[in-house]
Amino acid sequence: MENGTTKKKRKAVKILQILAERYGTTPWNWHTRRDPFRVLVGTVLSHRTRDEMTDAAARAVLARYPTPESLAEAPVEILRELVRPVNFFKTKAGRLKEIAQVLCERHGGCVPDTMEDLLALPGVGRKTAACVLVYGFRIPALPVDTHVHRISNRLGVVRTERGEETERELRDLLPDPWLLLVNELLVKHGQTICRPRNPLCSQCPVQEYCDAYGGD
DNA sequence: AAAACGGGGGC
DNA sequence: GCCCCAGTTTT
């Protein structure tokens, strides 16, 4: 006998299978970003900022300050210049330095691998901490950003007001292997097709599963 | 729960 | 020119 929750789980996994085919995401694609420090720096810079700008800034910072030790000593005015392309760059420049200092003082120059320790870092919330766990350590965690929240609700996989509720409900719905993929897949989908405004529903590979699909 | 932070690119 | 955007912290 199949109850409602089981049905939802099957639907959620089916959707992710289709999106994984569409966007070509596979576990070994993460190879390039397995260094937790790089993930942490890049994710902090990405807050409220588009990918293209984030990438340039993260590379600039990491090229000059490739370790927590060097970043902790970086002059904040130079950091500001390096991260100027991203939103909130003044705040983020200071935060990056603070984070690096805490890593050196409390964690022996390493990025911690628990949610609790990550959340204690300045400027690191649940989304960023989960990104470090998933992309840096491949520990199952669920980064819920605006894309994951919006798309999960449009699809009808969850019905939630806030990101934290989305995180709780999705976690119950998805087996661990899919937790590792859901953020990457939904962000790609959200940037290309399931956009906040004017989604391209006619091109959507999961329209038949979508509560919000209106026929486009 | 809502505002503050805070700036470049797309329309 | 206006509006939006891979969040977090503070009020």
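Quick note on labels: first sequence line is chain A, next is B, and so on, each numbered from 1.
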Let me know the distance between [atom1] of [X] and [atom2] of [N], rounded to the nearest Å.
| X | N | atom1 | atom2 | value |
| --- | --- | --- | --- | --- |
| A/L121 | C/dT9 | CG | P | 10 Å |
| A/K127 | C/dT9 | NZ | C1' | 16 Å |
| A/Q191 | B/dG9 | CD | P | 16 Å |
| A/K90 | C/dT8 | NZ | P | 22 Å |
| A/R197 | B/dG9 | CZ | P | 21 Å |
| A/F88 | B/dA4 | CZ | P | 12 Å |
| A/N198 | C/dC5 | CG | P | 11 Å |
| A/L119 | C/dT9 | CG | C1' | 13 Å |

By nearest-heavy-atom nucleotide on DNA chain B, the more 5' of A/R84 and A/R162 is A/R162
Parsed dot-bracket for DNA chain B after applying the Watson-Crick and G-U rules with both distances under 3.5 Å and | for other-strand partners is |||||.|||||
When rounded to the nearest 0.5 Å, the distance separating CG of A/D117 from NE2 of A/H107 is 4.5 Å
dist A/H189:NE2 -> A/I15:CD1 (nearest 0.5 Å) comes out at 9.0 Å
Looking at every non-hydrogen atom in both residues, tell me the closest pair between [X] and [Y] and how far apart they are.
| X | Y | answer |
| --- | --- | --- |
| A/H147 | A/D145 | N-OD1, 2.9 Å |
| A/L170 | A/S152 | CD1-OG, 3.6 Å |
| A/T192 | A/L200 | O-CD1, 3.6 Å |

Quick one: label [X] by what it contacts on the DNA or RNA (base, sugar-phosphate, nothing), any heavy atom closer than 4.0 Å.
| X | result |
| --- | --- |
| A/T43 | nothing |
| A/V124 | sugar-phosphate |
| A/P143 | nothing |

Heavy-atom nearest nucleotide on DNA chain C taken for A/D145 and for A/R95; more 5' hit belongs to A/D145
Taking for A/S46 and for A/G123 the nucleotide of DNA chain C with the nearest heavy atom, the one nearer the 5' end belongs to A/S46
Q. Are A/L119 and A/V39 in one and the same hydrophobic cluster, where Ile, Leu, Val, Met, Phe, Trp and Tyr link if side-chain heavy atoms are under 4.5 Å apart?
A. yes
Closest to the side chain of A/T91, out of B/dG6, C/dT8, C/dC5, is B/dG6
Checking B/dG9, C/dC5, C/dT8 against the side chain of A/M53 (C-beta onward), the nearest is B/dG9
Worksheet item: Can you find a heavy atom in the side chain of A/L45 that is under 4.5 Å from one in the side chain of A/V83?
Response: yes
(message) Taking C/dG1 as the reference, what is the distance to B/dG6 when you measure between their P atoms (whole Å, please)?
(response) 25 Å
- prompt: Does OP1 or OP2 of C/dC5 have a side-chain N or O of A/T146 closer than 4.0 Å?
  reply: no
- OP1 or OP2 of C/dC5 under 4.0 Å from side-chain N/O of A/R195: no
Review point. Between A/E167 and A/R171, is there a salt bridge with N-O shorter than 4.0 Å?
Key: no
